[in-house]
Number of protein chains: 2
Amino acid sequence: MSSLPHPFTPQEPSLLELGTAPEEPCLRADAARNRARLLEAAARLIAEHGVAGVTMEAVATAAKVGKGTVFRRFGDRTGLLMALLDHSGRQLQADFLGGPPPLGPGAPPLERLRAFGIAVLYRSAEQLELQLAAQPEACRRFSHPALQALRTHVTMLLRQIVPDADCELLAQTLLASLDPALIHHLTRQLGMPMERLEAAWVDLVARVTRTDPPA
Amino acid sequence: MSSLPHPFTPQEPSLLELGTAPEEPCLRADAARNRARLLEAAARLIAEHGVAGVTMEAVATAAKVGKGTVFRRFGDRTGLLMALLDHSGRQLQADFLGGPPPLGPGAPPLERLRAFGIAVLYRSAEQLELQLAAQPEACRRFSHPALQALRTHVTMLLRQIVPDADCELLAQTLLASLDPALIHHLTRQLGMPMERLEAAWVDLVARVTRTDPPA
DNA sequence: TTACGATCCGGACCAAGGTCCGTTTAACTT
DNA sequence: AAGTTAAACGGACCTTGGTCCGGATCGTAA
């Protein structure tokens, strides 16, 4: 894998200010320097050997730094990848918070929402390799036979209810809202009661299948 | 972690018929025997030490089998966990394919769809530990600050458009349909063009925000 | 400038996932 | 019953993520 041209080619001159330690108040001089070095090295490795080439040891070596330093700074491999991702993340964030319409303020909410989704869509389509590397195994869940069965079933039901819609993709969305990881996050980490999730599901189904656009 | 009672307590006597090699046509006698042994051992390990205790070597040892055998049979750790999950997966599948209404055939599609989501919801809520273990890192993505910003933004927009709805959860759903891994799956593995995704997003937004009296 | 404490660095070390290949064995043939 | 072959087995071996702690450095205060 990854012998084709990689989407992540650092053209920005000021890669050093990439992710200026958001949460950590102040970093000791050497720590900050090493952090920058590491991010630069990681970006270079990605450009040269693809995401697979970003081994913690390789990054450490390329940055002329000890392996332990990488882990102390970024926690783990995922943390490092996330830090790299943070850059474009903040870009998009700035765009819809203060940029020009229709993404930024000024346009009506509905229009902004449309533009938002499309922006995310295309941004994701670029950094796929990196995005996926930060979430190992992330795509296998979609091809799991059991899930495919669920999807087929939901698609079939949708076809009977809203024949005109893109039922495959609608089914994907519905199933995405039932993702175990999401449920875990909502109930365990955010403390939402199951009843609320249940109500939200029923409401979502109602909205999605409401079939009366009088044009 | 995982010192509390584990949700996965094998009470079923016939654990051996758990996942009877769905795709692989026929398994050699010894292979089938070892497969069963491995699944049994894995289930026991989970019950005793939680999912974290399910080390490939531990499973192999407990099943009195070589490590290589585990990998040949299940591919990797995720594969093994998936195989364990398959059981309840097939159960649910049978329920909505041939079970009694409202889940099974007999009820109107809309009602079945509602019941379906709720069933998945509660099933997921049980096997969380296992589900999550099969998708390492799966829940970290939700707490990532960049994603939180997106969510806040979408929630805010939704509040302006459909103030009566549960906008937080609606936002979660919308964002879930923009998940990078999902986009990758749809475009790369299923070959859908971006234009279709874009259209689906616009349609989804329209459906979700359609604000006409259901009553 | 010196002294000192907090912070950081480095790389040896460990555990666990994943690979490889020579050996064994089940299933089928004659 | 013996032979043949494709498949399965086992466990040594490699890689890589992650931990640990003695020693080096930075920032600061005197």
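Just so we're on the same page: letters track the sequence lines, and every chain starts at 1.
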Is Thr69(A) close enough to dG10(C) that one of its side-chain N or O atoms is under 4.0 Å from OP1 or OP2 there?
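Answer is yes, contact under 4.0 Å.
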If only side-chain N and O atoms of Asn34(A) are considered, is one of them under 4.0 Å from the OP1 or OP2 phosphate oxygen of dC8(C)?
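The answer is no; no side-chain N or O of Asn34(A) sits under 4.0 Å from OP1 or OP2.
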Could you label the plane-to-plane angle of the Phe116(B) and Trp201(A) rings as parallel, tilted or perpendicular, counting under 30° as parallel and over 60° as perpendicular?
tilted
What is the separation between atom [atom1] on [X] and atom [atom2] on [N], rounded to the nearest whole Å?
X	N	atom1	atom2	result
Arg73(A)	dT19(D)	CZ	P	15 Å
Leu38(B)	dA8(D)	CG	P	13 Å
Leu81(A)	dG17(D)	CG	P	10 Å
Leu27(B)	dA26(C)	CG	P	14 Å

Hey, does the side chain of [X] reach the backbone of [Y] with a donor-acceptor pair shorter than 3.5 angstrom?
X	Y	answer
Arg35(B)	Arg73(B)	no
Thr187(B)	Ile183(B)	yes
Thr209(A)	Val205(A)	yes

Nearest non-hydrogen partners of Lys64(A) and Arg37(A), listed with the distance:
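It is O-NH1, 3.6 Å.
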Contact nearer the 5' end of DNA chain D, comparing Asp30(A) with Ala31(B):
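Its nucleotide being nearer the 5' end, the pick is Ala31(B).
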In 5'-to-3' order, the base (B), backbone-only (S) or no-contact (-) status of each nucleotide in nucleotides 12-24 of chain C, using a 4.0 angstrom heavy-atom cut-off, is ----SBBB-----
Under a plain distance cut-off of 3.5 Å, with no hydrogens placed, do Ser124(A) and Gln131(A) share a side-chain donor-acceptor pair?
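Side chains of Gln131(A) and Ser124(A): no pair found under 3.5 Å.
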